[in-house]
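Numbered from 1 within each chain, the chains take letters A, B, ... in sequence-line order.
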Protein chains: 2
Amino acid sequence: MKITEARQQFISQWGAFGTHWGINRTMAQIHALLMVSPDALTQDEMMDELNISRGNVNMNIRELINWGLVERQVIPGERKEFFVAEKDIWKVIRLIVKERKKRELEPMLELLNKLEEVEGDKKDKNVKAFLDTVTGIKKLGRQADKTLDMMVKAEENWFVSNMLKLFK
Amino acid sequence: MKITEARQQFISQWGAFGTHWGINRTMAQIHALLMVSPDALTQDEMMDELNISRGNVNMNIRELINWGLVERQVIPGERKEFFVAEKDIWKVIRLIVKERKKRELEPMLELLNKLEEVEGDKKDKNVKAFLDTVTGIKKLGRQADKTLDMMVKAEENWFVSNMLKLFK
DNA sequence: TTGAAATTTCAAAACTTATTGAAAGTTTGT
DNA sequence: ACAAACTTTCAATAAGTTTTGAAATTTCAA
């Protein structure tokens with residue numbers, strides 16, 4: 001397989017992958033393109049390579065910057081802005097985990113705390129089933145929260161090596 | 001807060017949560033409803049509680065059964081079918097991980113293997129950047145694959161207790 | 001300052017995904 | 001064998017999401 005075809009396949013598959021994980025296709029494709037590009041790219045280059053509009057590139061680049069996955073780079077003497085992606089895949093994962101934890105896990109845990117204070121007789125089987133479920137999810141959620149915090153703070157090798165020790 | 005309101009909030013939030021994880025809102029809501037219901041429910045009861053059509057309930061129930069998250073229950077003397085959800089949250093997570101691993105991680109790893117065999121001079125910086133990225137993701141992906149396999153096979157307490165030991 | 005180059009915005013259009021509901025199919029009791 | 005009860009299917013439609021592209025805004029070298 002030629003490099004150009006391989007790059008295209010990679011970008012396309014990373015895009016599809018993203019859609020399964022709540023990241024929009026274009027955002028994931030831009031990220032993929034930047035990951036396999038040795039040099040920083042401009043918005044125009046991305047428009048060209050991915051066949052998407054200027055507005056689309058701009059909005060998704062901004063979102064990638066919010067997530068910490070892409071950085072703006074100013075090259076002296078150049079009017080245009082250049083962009084580079086974080087290429088260390090472990091850092092990428094940590095950034096994504098951090099962001100999604102904040103957006104999804106934390107609000108869920110807050111709600112579960114409120115819901116645990118539901119009024120009503122614990123002998124009522126509806127109340128009991130409800131509390132059992134909520135409590136179970138809360139326990140798991142808190143565990144996940146702690147675990148992910150550790151992961152986010154950990155250095156790559158520490159995490160990998162612990163995982164290897166535990167699971168080999 | 002009254003139990004009915006608490007249930008509603010839980011169902012609605014679990015639905016929203018699902019959409020961030022590639023599971024459709026209704027499927028997640030049906031699952032939530034079944035998790036907090038002490039008894040098995042019929043399709044008609046779900047239509048009522050969630051205000052959705054018969055077809056919608058039916059399709060999503062079928063999908064939940066495919067994932068192993070819900071079971072059909074036949075009650076002697078009853079013409080209708082009843083449904084119950086898996087309520088052990090760790091089993092739920094394991095079933096979801098198993099399914100998504102198969103649907104997403106495994107195809108990705110297959111592609112990466114193919115892409116690693118790209119032709120071209122490794123001195124070419126494009127080829128080099130490409131291979132570095134692909135190899136990095138493959139390593140991470142293989143690690144995740146192993147880890148998730150272990151998790152899927154593990155008994156609840158084994159996994160929880162190991163996690164606790166490692167991360168407390 | 002000025003104005004050409006570049007970036008950003010956002011309403012409308014295109015596309016994708018989910019839902020409905022009525023018709024077709026299946027099951028079960030008599 | 002029939003028909004009532006129940007389940008399944010799927011084409012049409014609705015809802016939701018992403019993308020476009022042109023206009024507005026910003027930037028910066030001269």
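For A:E81, the side-chain atoms get nearest to C:dT7 when compared with the rest of D:dT19, C:dT19, C:dT7. For A:R62, the side-chain atoms get nearest to C:dT9 when compared with the rest of C:dT9, D:dC10, D:dT19. Among D:dT19, C:dT8, D:dT7, the nucleotide with an atom closest to any side-chain atom of B:K80 is D:dT7. The side chain of A:S53 lies closest to D:dT19, out of D:dT19, D:dT8, C:dT9.
Atom C1' of nucleotide C:dT8 and atom CE of A:M47 are separated by 13 Å, given to the nearest angstrom. Whole-Å rounding puts the B:N24 CG to C:dT17 P distance at 12 Å. What separates CD1 of B:I61 from C1' of D:dC6 is a distance of 15 Å, to the nearest Å. Taking atom CD1 of residue B:I30 and atom C1' of nucleotide C:dT19, one finds them 12 Å apart after rounding to whole Å. B:L50 has its CG atom 16 Å from the P atom of C:dA18, to the nearest Å. Between A:I65 atom CD1 and C:dT8 atom C1' there is a gap of 12 Å when expressed in whole angstrom units. In this structure, the CD atom of A:E78 is 14 Å from the C1' atom of D:dC28, given to the nearest Å. Here the C1' atom of nucleotide C:dA6 and the CE atom of A:M46 are 14 Å apart, to the nearest Å.
Judged by closest nucleotide on DNA chain C, A:F83 is the one of A:M59 and A:F83 placed further toward the 5' end. Comparing A:F82 and B:R25 along DNA chain C, the residue whose closest nucleotide (by nearest heavy atom) sits nearer the 5' end is A:F82.
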Worksheet item: Going 5' to 3' along nucleotides 22-30 of chain C, which nucleotides have protein heavy atoms under 4.0 Å from the base (write B), which only from the sugar-phosphate (write S), and which from neither (write -)?
Response: -----BB--
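Judged by distance alone, the side chain of B:K87 and the main-chain N or O of B:S37 form a donor-acceptor pair under 3.5 Å. Checking side-chain atoms of A:N60 against main-chain N and O of A:N56 turns up a donor-acceptor pair under 3.5 Å. With hydrogens and angles ignored, the 3.5 Å screen pairs a side-chain donor or acceptor of B:T19 with a backbone N or O of B:A16.
For the residue pair B:Q9/B:Q13, the side-chain donor-acceptor check at 3.5 Å is not satisfied. Looking only at atom types and distance, the side chain of B:E45 has a donor-acceptor partner in the side chain of B:T42 under 3.5 Å away. A donor-acceptor contact closer than 3.5 angstrom is absent between the side chains of A:Q29 and A:S12.
A:N58 comes within 4.0 angstrom of a nucleotide base, judged by non-hydrogen atoms across all strands. If you check every strand for non-hydrogen atoms under 4.0 Å, B:T42 touches nothing. B:N56 comes within contact range of at least one nucleobase, with a heavy-atom separation under 4.0 Å.
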Practice prompt. Would you sort out whether A:I65 and A:R72 count as a side chain to side chain contact (heavy atoms under 4.5 Å, CB included), showing the intermediate values?
Written response: CA-CA 8 Å; A:I65 291 172; A:R72 224 173 274 269; 3.6 Å; yes
Worksheet entry | Step-by-step side chain to side chain contact (heavy atoms under 4.5 Å, CB included) determination, A:K91 to A:R94 | CA-CA 5 Å; A:K91 275 193 199 142; A:R94 289 213 301 273; 4.0 Å; yes
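Relative to the ring axis of B:W21, B:R100 does not place its NZ or CZ within 45° and under 6.0 Å from the centre.
Between A:F130 and B:F10, the two ring planes are perpendicular [angle over 60°; tilted spans 30° to 60°].
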Measure all distances between protein nitrogen or oxygen atoms and nitrogen or oxygen atoms of nucleotides 13-15 of chain D, and list the pairs falling under 3.5 Å.
none

